[in-house]
Protein chains: 2
Amino acid sequence: MVTGRATSRSTSAGAEEPIVFVVDDDASVRGALSNLFRSVDLRTEVFASAHEFLQRKLPNVPSCLILDIRLPRLSGLDFQAELAKAGIHIPIIFMTGHGDIPMTVRAMKAGAVDFLTKPFRDQDMLDAVTTAIERDRNRRDEARVLANLRAALDTLTARERQIMALVTAGLMNKQVAAEIGVAEITVKIHRGQIMRKMGAKSLPDLVRMAQLLGIGPQT
Amino acid sequence: MVTGRATSRSTSAGAEEPIVFVVDDDASVRGALSNLFRSVDLRTEVFASAHEFLQRKLPNVPSCLILDIRLPRLSGLDFQAELAKAGIHIPIIFMTGHGDIPMTVRAMKAGAVDFLTKPFRDQDMLDAVTTAIERDRNRRDEARVLANLRAALDTLTARERQIMALVTAGLMNKQVAAEIGVAEITVKIHRGQIMRKMGAKSLPDLVRMAQLLGIGPQT
DNA sequence: GGGAGGATCATACCAAGGTTTAGGTCCCAA
DNA sequence: TTGGGACCTAAACCTTGGTATGATCCTCCC
């Protein structure tokens, strides 16, 4: 399973090596995990507190966070909530020595990848990390696509966005024209501009973009 | 939150009243839950074992299942796995007197709505049921849409399905024709037939259908 | 054998999509 | 004031999309 470093993926440019972040106030735990991950060639960074971790500017590579439920000043669960509120969606793996079921439920409901009780088997942790990294990789891929689409959408004028919505909803040019009270030729011209700006190679292409952008009939 | 019976929804024909199923070998628990749900006008059915529950032909209404982790003969977790394997996707709420964290994690990973430790507050259970019913309602809505689409897709011939994939991918008729080695007019005729059979009112419509059906570029 | 359904194609015709060229107005910022 | 961008439109022109009619060929099945 955990075969080692995510050897440079042939696609997208380099620097795709995943990172595992560990936050635990117990130095021995940090050391143990650090060793474990290094043993499988996983880049690792450890922190003694949530605050310390937040200082670190998060890199743009697949990563995950291993968190002790019981942290000084801020509980792991609260920290998880903080991150979510801040729009940071790094997958989290919890560890606990004295956790209980309600904590576990809360963490899992909030999207935690796993919730391990100490002591845990190395392999369980590695499996969880593999899952977490993979999840983050997928999330990042989707986020990148969406960001590009949104950037393209931002170059559209209000009129173009309006017409894009109507066109992708399935209206004919003449219907769009009637709907917004302009001549059909005007719609055609806007439409061409939309295809260019959005980089859509076909109408189905544009429809899928609109879909991802949440435009028109959500379905 | 739990305001009572899901009074006839204006859409789809009646019989939409949700049902809560309870499986627990402890008669007093069954009685207590039964009373609790009746007090908020929720239709309830209780069973003493997983086997008993399976005898019951599941009705076509939003429902959820409340399961004790510790069941005679078959653990709640294993039963959850059984149901999943059998393609039964009813949302599950677990109860436990002596559960542990790994159990909780496994249940939640497998999609459980909640995992309550006995004794729990009535309100917690009611909240969980509300969430579960709502989740099932959404799932059913999506499933119904998808079933209709699949039924329509089934009426397509192999050729039509092939052309549908290419058309929704964004190819022009002439490109489709070249791709499959027929005349453009043939593609046009098939295409018209596809629109009719699928009940698509426009190309964007068809594209969205293809998307839901997992046809073409998944994106 | 004969009919039904599927696939193919031609011809003809019309509707819809799309670009180019060439304007026009309005408004905002340099 | 001037320039540019957004928006609007017309005319001309070409490409695609889509339907109708009619026909051939094949296979499967009664």
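Every chain is numbered from 1, with letters handed out A, B, ... down the list of sequences.
A:Ile189 comes within 4.0 angstrom of a base, heavy atoms only. Within 4.0 Å (heavy atoms only), A:Thr186 reaches at least one base atom of the nucleic acid.
We find that CD1 of B:Ile185 is positioned 13 Å from P of C:dA12, with the value rounded to whole Å. Note: CE (A:Met195) to P (C:dG18) measures 7 Å, nearest angstrom. A:Gln193 places its CD atom 14 Å from the C1' atom of C:dT20, with the value rounded to the nearest Å. Atom NZ in A:Lys174 sits about 15 Å away from atom C1' in C:dG18, given to the nearest Å. Atom P of nucleotide C:dT19 and atom NE2 of A:His190 are separated by 14 Å, given to the nearest angstrom. Atom NZ in A:Lys197 sits roughly 17 Å away from atom P in C:dG18 (whole-Å rounding). Put simply, CG on B:Asn173 is 14 Å from P on C:dT8, counting in whole angstrom units. Spacing between atom CD1 of A:Ile163 and atom P of C:dG18 amounts to 12 Å, rounded to whole angstrom units.
Remark: A:Arg139 does not engage A:Glu142 in a salt bridge, criterion side-chain N to carboxylate O under 4.0 Å. The pair A:Arg140-A:Asp136 counts as a salt bridge, with a side-chain nitrogen and a carboxylate oxygen less than 4.0 angstrom apart. With respect to the salt-bridge test (charged N to carboxylate O, under 4.0 angstrom), the residues A:Asp114 and B:Lys109 qualify. Between B:Asp154 and B:Lys197 there is no salt bridge, since no side-chain N of the basic residue sits under 4.0 Å from a carboxylate O of the acidic one.
The residue among B:Lys188 and B:Glu184 whose nearest nucleotide of DNA chain C lies closer to the 5′ end is B:Glu184. When each of A:Leu171 and B:Thr157 is assigned the nucleotide of DNA chain C with its nearest heavy atom, B:Thr157 is the one assigned upstream, toward the 5' end.
For DNA chain D, the outermost nucleotides in 5' to 3' order that have an atom under 4.0 Å from a heavy atom of chain A are D:dA6 to D:dA11.
For residues 52-78 of chain A, the ring pair (Phe, Tyr, Trp, His ring centres under 6.0 Å) pairs, not counting sequence neighbours, are A:Phe21-A:Phe53, A:Phe47-A:Phe53.
Residue B:Arg70 places its CZ atom among 12 or fewer non-hydrogen atoms of other residues, nucleotides or ligands, all under 6.0 Å distant.
Checked against side-chain contact (heavy atoms from CB on, under 4.5 Å), B:Ile189 has the following partners two or more places apart in sequence or in another chain: B:Ile185.
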